[in-house]
Amino acid sequence: MSQISLTFPDGNARDYPAGTTPAQVAESISKSLAKAAISATVNGAHWDLQWPIDADAEIAINTMKDDGPACELIRHDLAHIMARAVQELWPEVQVTIGPVIENGWYYDFDRAEPFTPDDLGAIEKKMKEIINARDAVRTEVWTREEAILHYRRAHEPYKVELVEAIPEGQPIRMYWHGDWQDLCRGPHLQHTGQVPADAFKLMKVAGAYWRGDSSRPQLQRIYGVAFRTRDELKAHLTFLEEAEKRDHRRLGREMKLFHFQEEAPGMVFWHPDGWTVYRQMEDYMRRRLSKAGYKEIKTPQVVDRKLWEASGHWDKYHENMFITEIDEEHANEKRMNALKPMNCPCHVQIFNQGLKSYRDLPLRLAEFGSCHRYEPHGALHGLMRVRGFTQDDAHIFCTEDQIESECAAFIELLSDIYRDTGFASFDIKLSTRPEVRVGSDEIWDKAEAALENAILKVRNDYEVDPGEGAFYGPKLDFKLTDAIGREWQCGTFQADFNMPERLDANYIGPDGEKHRPVMLHRAILGSFERFIGILIENYSGRLPFWLAPRQVVVASIVSEVDPYVEEVVSLLKAAGLRAEADTRNEKINYKVREHSVGKVPAILAIGQREAEDRTVTLRRLGEKETRVLSLDDIVATLAQEAVPPDLAG
RNA sequence: GCCGCAGUAGCUCAGUGGUAGAGCGCACCCUUGGUAAGGGUGAGGUCGGGAGUUCAAUCCUCCCCUGCGGCACCA
């Protein structure tokens, strides 16, 4: 038998017979390592201890100390253990597929009866029994025919389909825990007892389509989370609770920012404080866009179907559009209109008014475009997914040569805005040409290169998603990261070679001939509604001072000082601050608590002392300490703080 | 749109086949209190909508609406 050389992480190499498994390698090093081993990393690939190694390789033996492999194996084994538990409890249930996901795993089952919360408890109990049984994990490679035959006999049609879908040349592996077996690419642990029995939890049951296809049967998915230790699990559950506390729907209600109601699902009722936040953002964006050379416009809400047919949206999206029909009695002709679901066709109409010269380009038309889309009702989610929303939309009409500089300027603008709103880091994804597309390869080459070069002016790291561009042009997506590490896709920049063609936009070039402009669709916030939702969650409702709907509350301690309180409030208001008085017959403790809960960033308490000295006592949100300041000082300090970031020197 | 769960006072929730309850909030009264809930009294509910079963439905059944968790979708 031939020898192979295995190189360890410390650089030492040893010879082994070809076909040696990592388990044998571990055994050759020490008994304790053999016992602690969970998997190996072979030439960078995650490798089962039972898989033979046939050639020279770099190898590392993994134990539970290796975070990445450990969590992956624990979650993956738990997926199998759960499937086994379910089949032991309900033998008629069909198992389908169960991958590892962030923080855990899920497994999809086909079962006539829905799983109940009680069922989850029973499954969890059964899983612990399986773990405690310390069943050895065994693996074999089967032929496709064997696997298909096996699953046909077992009446597991989903598995048959999975086996059939495994690409030629890839091994078809079976794994056993005790008597239970599952198709799996592996790797897995040595035995079920290596899974920590106290560091996982079944979370919820949900419907999910087989293979993600809504035309196929719907299965029942059970989600679980798992970690290496009980403490890690606890920390994760605490994180989920924290995330729930910053849910913008709850904070929106508590802070009296907005509400929704049955009569207008997916449409926001903005309350005074919520609308204040909205207006601050809108004013801020207006200044930013204006400074960046955009011209603001406003286009109609209700537009004849003909325009949507011309733009091509009717064909594809009319089921998702709000349609209006005029009562025939009152209309001199019957017309079918749609609430605009997007702004671009209207922007082209403005571009098309009058002859445009190449000297007019790039023409940047911005609109806070109020759009309506009939979103499927299961998709609605607070401010994050609504049916009526306002995009910070703009379209740049330019030449092919201008794409790069426009894109670079856009990325710079977007960075500034994300930084100002508290999002220091964001990711960029470039989506390139799909199979089905309009436009020549030349223009795609040029546009893709333009977007890529524009990114490179700012940074080196970005993701490429090949083939994921729109049929009408390549695009960039921008994902920002919030305070608790969640990512939100907000910004987008899309080149469009199609719309100008469809709606016959053109300009006169230096050659005196007509040319097609390229249209760049772009948004930074995405929609004001959603972005404000993200802001609320990012800050847990404690919005930065310039955005806070109520910036200062001046609270009286005794009613004798009410006139002075009013005086302070009017001074603050005169300085442009959003201030209000709280002279209610309540104790200062009560007022401080209430305004703290209401996330007011500055509370000024006024008692006899302050009234006599003409001072205020400032208490910042979240701080216990108070500070006595003169009237002039407090007005100057807060007024300074209230200056929006783009205006601050 | 699909699967599952839910809808009782402004909010959070309890409850029952015989037309309902708590805490907070709200109103009024007492209290003028120095930095995260002072005390008392009171008002407030077609029990999501419709139909059915029943002598009787908030409760049981069916349909619809809305919300929640996923899935699918997101120009």
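Order of the sequence lines fixes the chain letters, A, B, ..., with proteins taken first and strands second; residue numbering starts at 1 for each chain. These values consider heavy atoms only, across backbone and side chains, with no hydrogens, waters or symmetry-generated copies.
B:rC59 and B:rG15: their C1' atoms are spaced 10 Å apart (whole Å). Between the P atoms of B:rG39 and B:rG50, the separation comes to 41 Å (whole Å). Taking atom C1' on both B:rA14 and B:rA6, the two are 16 Å apart, rounded to the nearest angstrom. Taking atom P in both B:rC47 and B:rG10, the straight-line distance is 13 Å, to the nearest Å. With C1' as the reference atom, B:rC13 and B:rG52 are 30 Å apart, rounded to whole Å. Across the P atoms, B:rU61 and B:rG18 are found 16 Å apart, a figure rounded to whole Å. Comparing the P positions of B:rU12 and B:rU8 gives a spacing of 8 Å, expressed to the nearest Å. Comparing B:rA75 with B:rC5, their P atoms sit 32 Å apart, to the nearest whole Å.
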Quick one: side chains of residues 250-266 of chain A, donor-acceptor pairs under 3.5 Å with protein atoms, not counting sequence neighbours, listed by atom name and distance.
unit_1   : atom_1 : unit_2   : atom_2 : d
A:His259 : ND1    : A:His271 : NE2    : 3.4
A:His259 : NE2    : A:Gln261 : OE1    : 2.9
A:Gln261 : NE2    : A:Glu263 : OE1    : 3.3

Please table the atom pairs, donor to acceptor, closer than 3.5 Å between any side-chain atom in residues 601-611 of chain A and protein atoms at least two apart or in another chain.
unit_1   : atom_1 : unit_2   : atom_2 : d
A:Gln608 : NE2    : A:Glu560 : OE1    : 3.3
A:Glu610 : OE1    : A:Gly607 : N      : 2.8
A:Glu610 : OE2    : A:Thr617 : OG1    : 2.4

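For the pair A:His395 NE2 and B:rA75 C1', the computed distance is 10 Å after rounding to whole Å. The separation between A:Met203 atom CE and B:rG69 atom P is 13 Å, rounded to whole Å. Note: CG (A:Leu380) to C1' (B:rC74) measures 11 Å, nearest angstrom. Going from atom CZ of A:Phe109 over to atom P of B:rC3 covers 20 Å, rounded to whole Å. In this structure, the CG atom of A:Leu240 is 15 Å from the C1' atom of B:rG70, given to the nearest Å. Regarding A:Asp582, its CG atom lies at a distance of 17 Å from the P atom of B:rG33, rounded to whole Å. Spacing between atom CG of A:Leu219 and atom C1' of B:rC3 amounts to 10 Å, rounded to whole angstrom units. Taking atom CE of residue A:Met384 and atom P of nucleotide B:rG69, one finds them 11 Å apart after rounding to whole Å.
In RNA chain B, consecutive stretches of 3 or more Watson-Crick or G-U wobble pairs with both distances under 3.5 Å are given as paired ranges: B:1-7 with B:65-71, B:10-13 with B:21-24, B:26-30 with B:38-42, B:48-52 with B:60-64.
Residues satisfying the salt bridge (Lys or Arg N to Asp or Glu O under 4.0 Å) criterion with A:Lys599, sequence neighbours excluded, are absent altogether. In this structure A:Tyr564 satisfies the ring-ring contact (aromatic ring centres under 6.0 Å, His included) test with no other residue, sequence neighbours excluded. Residues that satisfy the side chain to side chain donor-acceptor pair (under 3.5 Å) test with A:His313, not counting sequence neighbours, are A:Ser311. Residues meeting the side chain to side chain donor-acceptor pair (under 3.5 Å) test with A:Thr116, sequence neighbours left out: A:Asp119. Looking at residues two or more places apart in sequence or on another chain, you find a salt bridge (Lys or Arg N to Asp or Glu O under 4.0 Å) between A:Arg437 and A:Asp441.
Remark on RNA chain B: of its neighbouring residues A:Val205 and A:Cys344, the 5'-side contact belongs to A:Val205, judged by nearest-heavy-atom nucleotide.
Using a 4.0 Å cut-off between a side-chain N of Lys or Arg and a carboxylate O of Asp or Glu, A:Asp247 and A:Arg249 qualify as a salt bridge. Using a 4.0 Å cut-off between charged side-chain N and carboxylate O, A:Asp427 and A:Lys429 make no salt bridge. We find that A:Lys591 and A:Glu586 are not joined by a salt bridge, their nearest charged nitrogen and carboxylate oxygen being 4.0 Å or further apart. With salt bridges taken as basic N to acidic carboxylate O contacts below 4.0 Å, none links A:Arg522 and A:Asp393.
Remark: A:Glu319 CD is loosely packed, at most 12 non-hydrogen atoms of other residues, nucleotides or ligands lying under 6.0 Å away. Around atom NZ of A:Lys298, more than 12 heavy atoms belonging to other residues, nucleotides or ligands sit under 6.0 Å away. Atom CD of A:Glu623 has more than 12 heavy atoms from other residues, nucleotides or ligands within 6.0 Å. Within a 6.0 Å radius of CZ in A:Arg584, other residues, nucleotides and ligands contribute more than 12 heavy atoms.
Between A:Arg249 and B:rG69, a side-chain N or O to OP1/OP2 separation shorter than 4.0 Å is present. Taking only side-chain nitrogens and oxygens, A:His377 comes nearer than 4.0 Å to OP1 or OP2 of B:rG1. For A:His381, a side-chain nitrogen or oxygen approaches OP1 or OP2 of B:rG69 to under 4.0 Å.
Checked by atom type, the side-chain pair A:Glu113/A:Trp90 shows no donor-acceptor distance below 3.5 Å. Checked by atom type, the side-chain pair A:Thr299/A:Gln349 shows no donor-acceptor distance below 3.5 Å.
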Pick out the pairs of N or O atoms, protein on one side and nucleotides 61-63 of chain B on the other, that lie under 3.5 Å.
none

Kindly give the atom pairs (protein nitrogen or oxygen, nucleotide nitrogen or oxygen) under 3.5 Å for nucleotides 71-73 of chain B.
unit_1 : atom_1 : unit_2   : atom_2 : d
B:rC71 : O4'    : A:Gly207 : O      : 3.1
B:rC71 : O2'    : A:Tyr209 : N      : 3.0
B:rC71 : N4     : A:Gly378 : O      : 3.4
B:rA72 : O2'    : A:Ser214 : OG     : 3.3
B:rC73 : O2     : A:Arg385 : NH2    : 2.7
B:rC73 : N3     : A:Arg385 : NH1    : 2.9

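In this structure, A:Pro114 reaches the sugar-phosphate backbone alone: every heavy-atom distance under 4.0 Å involves primed, P, OP1 or OP2 atoms, never a base. Residue A:Lys316 is classed as having no contact, given no heavy-atom separation below 4.0 Å to the nucleic acid.
Only one option out of A:Trp105, A:Phe200, A:Tyr106 pairs with A:Tyr223 in a ring pair (Phe, Tyr, Trp, His ring centres under 6.0 Å); it is A:Tyr106.
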List the protein contact pattern of nucleotides 34-46 of chain B with one symbol per nucleotide (5' to 3'): B for base contact, S for sugar-phosphate-only contact, - for none; contact means a heavy-atom distance under 4.0 Å.
BBBBS--------
Give the B/S/- string for nucleotides 8-15 of chain B, one per nucleotide from 5' to 3', where a protein heavy atom under 4.0 Å of the base yields B, of only the sugar-phosphate yields S, and otherwise -.
---SS---
